[in-house]
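Structure record follows, encoded as structure tokens.
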Amino acid sequence: MLKSIFSLSLSSILLPFTEAECAFVMLLMAVYWVTEILPLSITAMLPAVLFPLFGIMKSSDVAKWYFKDFHFLLVGVICLATSIEKWGLHRRIALRLVTLVGVNPAWLMLGFMSGCALLSMWVQNTSAVTMVMPIVEAVLQQILRAKEGQCSGKDNPNLELDGSHISYVLLSHCCFQAAVPMHEAINSRKQDLMMCKAMSIGIAYSSNIGGITTIPGTSPNLIFSEYLNQVYPECNSINFGNWLLLCLPISILMLFLTWIWLYWLFIGSDFRFLRCHKGQHSEKEMSAKRVIEEEYSSLGTMGSQEIVTGGVFVLMVLLWLTRAPGFFPGWASLFPNQSGYFTDANVALLLGLLFFIIPAYGPANKYEAMITWSEFQASMPWKVALLVGGGFALAEGTKESGLSLWVAELLTPLGDLPVFAVITVACVIVTMLTEVTSNAATTTIFLPILSPLAEAIHVNPLYILIPTTLCTSFSFLLPVSNPPNAVVYAYGHITIMDMVKAGLGVNVIGLLSVLLAVGTWGIPLFSLDSYPDWAPVLPNFNSTTP
């Protein structure tokens, strides 16, 4: 009944009947995704029920959008991530980076943030945080215990974690010597607590920052890539290489400014450590250094499993970079009769399947593959796979029903605004919404709206879609904004207000960094200043002012 009233009202006032029904489905899914009344993946399957019911698309036509090239890419990447985590390559990478930067609290924080960001480029953001945070927590334990006899309790050389609120337990049991003035003891405890806050929040934020760097690094990037293939099949502007060229500088800039911001916000305004980080170390720093060195030494030499995993990882990246880089033909040109047949998904899936074939312990031992199906299945984000499929089905429904054309015509007056103003407004709206909605859901909701907007104002769709896609990953304000934030919050070092204060600054940093990139080196990289041949030309459009 509600559907009939809604559709009839839209039909009589604004829309023809079919477009009204598709608009009802889109709004219903958007409300369910934002409020999470139903699980996200269940909401994503509504088009499979409602589109045939309303006569928008056949059931068989809807179903084929739920498994696309994106899913093969996801499978291959998750195979790699499963092997990295199973054989401990992530620990070696993270600990090695930390040992390179030093044990000063500021440099230690940068080391962990860099390690987490690097891992997030290739594995899910949540996985990267769950890999790095236990190492960070163990180091924080040692720093809090290393008070030159001021704290009771023994060291924890095995990096054993005994609770999510361990830092507060340690602080509450800290027994200071009588020779230490009370105000110094209080200040010392406060500094330790602030360091825990800065380092914990830094890990959560760096996972999102690193994730935007590569197409498979985070769900919104993958959704955007597959959406382009679906809506603009002749668009070959986006590949692994040029996306990396655009986003790697953004990530580096954001990571550095976020590190500075968190240090200033929680630890202090003394930045003399930037000039030199060598010299005398405090007892706390020496204790942390010993723990990190002992843990790294305990890993021993790289095993054959780590070498194989690392080799497949490097090969996968090289094949992605050289498939069709643009400035030279690439290996895909070796197959001229199969032009366009090869994608990044083929590379990821082929190399990912090798982990189920390569023996983990060599031919002399009982055969066991590098990873098993149960291990892969535990790591595979099936929720994301269904969510993305629902988004693709929704986008196709808006096209088939004519709703996307109606939206484009409705948004045509925005062509009178400067294009950069339109982009900025879209990025701000997306950044605000993604704080309370899943990043993948936000991307899925806005892509079918923003691409008709770009067509209506005769602007390269990439000019609007790229920055808004990146901004959907900037969910820094709340623990519920994304899983990495929730994982870090569960350790008990930070409060919601800590994350809100820190997140506001990082949101501004991210927004400005993206706008800077898209407005400078992004323009020649993707020819954003010209309307592409692969995008449809709508009649009676208003050209925007650059």
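The analysis underlying the following values was restricted to heavy atoms, covering all of them including side chains, and did not include hydrogens, waters or symmetry mates. For this chain, numbers begin at 1 and follow the sequence in order.
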- Note on the structure: Rounded to the nearest 0.5 Å, the CG atom of Leu319 sits from the CG atom of Leu351 at a distance of 6.0 Å
- Item | Residue pair Trp382, Leu74: steps toward the side chain to side chain contact (heavy atoms under 4.5 Å, CB included) verdict | CA-CA 10 Å; Trp382 300 108; Leu74 187 63; over 6 Å; no
- Does the side chain of Met113 reach to within under 4.5 Å of the side chain of Phe256, using non-hydrogen atoms? no
- Could you grab the distance from atom CD1 of Ile260 to atom CD1 of Ile509, nearest 0.5 Å is fine? 9.5 Å
- Query: Considering residues at least two apart in sequence or located in another chain, which fulfil the side-chain contact (heavy atoms from CB on, under 4.5 Å) criterion with Ile215?
  - Reply: Leu222, Ser225, Ile238, Trp243
- Could you verify whether a donor N or O on one side chain and an acceptor N or O on the other, from Asn439 and Thr442, lie under 3.5 Å apart? no
- Message: Can you see whether Thr309 engages Ser83 through a side-chain donor-acceptor pair at a distance of less than 3.5 angstrom?
- Response: yes
- Query: Measuring from Phe112:CZ to Met199:CE, what's the distance to the nearest 0.5 Å?
  - Reply: 6.5 Å
- Message: Measuring from atom CD1 of Ile201 to atom CD1 of Ile494, what distance do you get when rounded to the nearest 0.5 angstrom?
- Response: 4.5 Å
- Query: Would you say Thr258's side chain and Leu255's backbone share a donor-acceptor pair under 3.5 angstrom?
  - Reply: no
- Query: Regarding Ser451 and Tyr227, is there a side-chain donor-to-acceptor distance under 3.5 Å anywhere?
  - Reply: yes
- What residues, two or more places apart in sequence or in another chain, satisfy side-chain contact (heavy atoms from CB on, under 4.5 Å) together with Leu118? Ile93, Leu97, Met121, Trp122
- Do any N or O atoms from the side chain of Trp259 and from the backbone of Gly202 form a donor-acceptor pair under 3.5 angstrom? no
- Return the set of residues passing ring pair (Phe, Tyr, Trp, His ring centres under 6.0 Å) with Tyr66 (not counting sequence neighbours), or none when no residue passes. none
- Worked check of side chain to side chain contact (heavy atoms under 4.5 Å, CB included) between Thr472 and Thr468: CA-CA 6 Å; Thr472 57; Thr468 49; 5.7 Å; no
- Residues in ring pair (Phe, Tyr, Trp, His ring centres under 6.0 Å) contact with Tyr32, at least two apart in sequence or another chain: none
- Message: Could you check whether any side-chain heavy atom of Leu253 comes within less than 4.5 Å of a side-chain heavy atom of Leu516, counting everything from C-beta outward?
- Response: yes
- Item | Phe240 vs Val347, side chain to side chain contact (heavy atoms under 4.5 Å, CB included): CA-CA, chis, key distance, verdict | CA-CA 12 Å; Phe240 183 88; Val347 173; over 6 Å; no
- List in chain and number order the residues that pass side-chain contact (heavy atoms from CB on, under 4.5 Å) with Ser251, two or more places apart in sequence or in another chain; answer none if no residue qualifies. Ile209, Ile212, Thr213
- Message: I'd like to check Met254 versus Phe474 (side-chain heavy atoms, cut-off strictly below 4.5 Å). Are they in contact?
- Response: yes
- Message: Looking at Asn221, is its backbone amide N or carbonyl O close enough to the side chain of Thr218 to form a donor-acceptor pair, meaning the two atoms are under 3.5 Å apart?
- Response: no
- Query: Does atom CE of Met380 have more than 12 heavy-atom neighbours, drawn from other residues, nucleotides or ligands, at distances under 6.0 Å?
  - Reply: yes
- Task: List the steps, then state whether side chain to side chain contact (heavy atoms under 4.5 Å, CB included) holds for Leu447 with Leu465.
- Result: CA-CA 7 Å; Leu447 288 180; Leu465 297 184; 3.8 Å; yes
- For Phe72, does the CZ atom have more than 12 heavy-atom neighbours from other residues, nucleotides or ligands under 6.0 Å away? no
- Query: From Leu386 CG over to Thr43 OG1, what is the distance, rounded to the nearest 0.5 angstrom?
  - Reply: 11.0 Å
- Query: Is there a side-chain contact between Cys116 and Val129, using heavy atoms and a 4.5 Å cut-off?
  - Reply: yes
- Query: Taking all non-hydrogen atoms of both residues, which atom of Leu119 and which atom of Ala128 are closest, and how far apart?
  - Reply: CB-CB, 4.0 Å
- Message: For a 4.5 angstrom cut-off between non-hydrogen side-chain atoms, does Tyr463 reach Ile523?
- Response: yes
- Query: Can you check whether Leu504 reaches Val508 side chain to side chain, under 4.5 Å on heavy atoms?
  - Reply: no
- Query: Of all residues at least two apart in sequence or in a different chain, which pass the side-chain contact (heavy atoms from CB on, under 4.5 Å) check with Pro532?
  - Reply: Asn460, Pro461, Trp534, Ala535
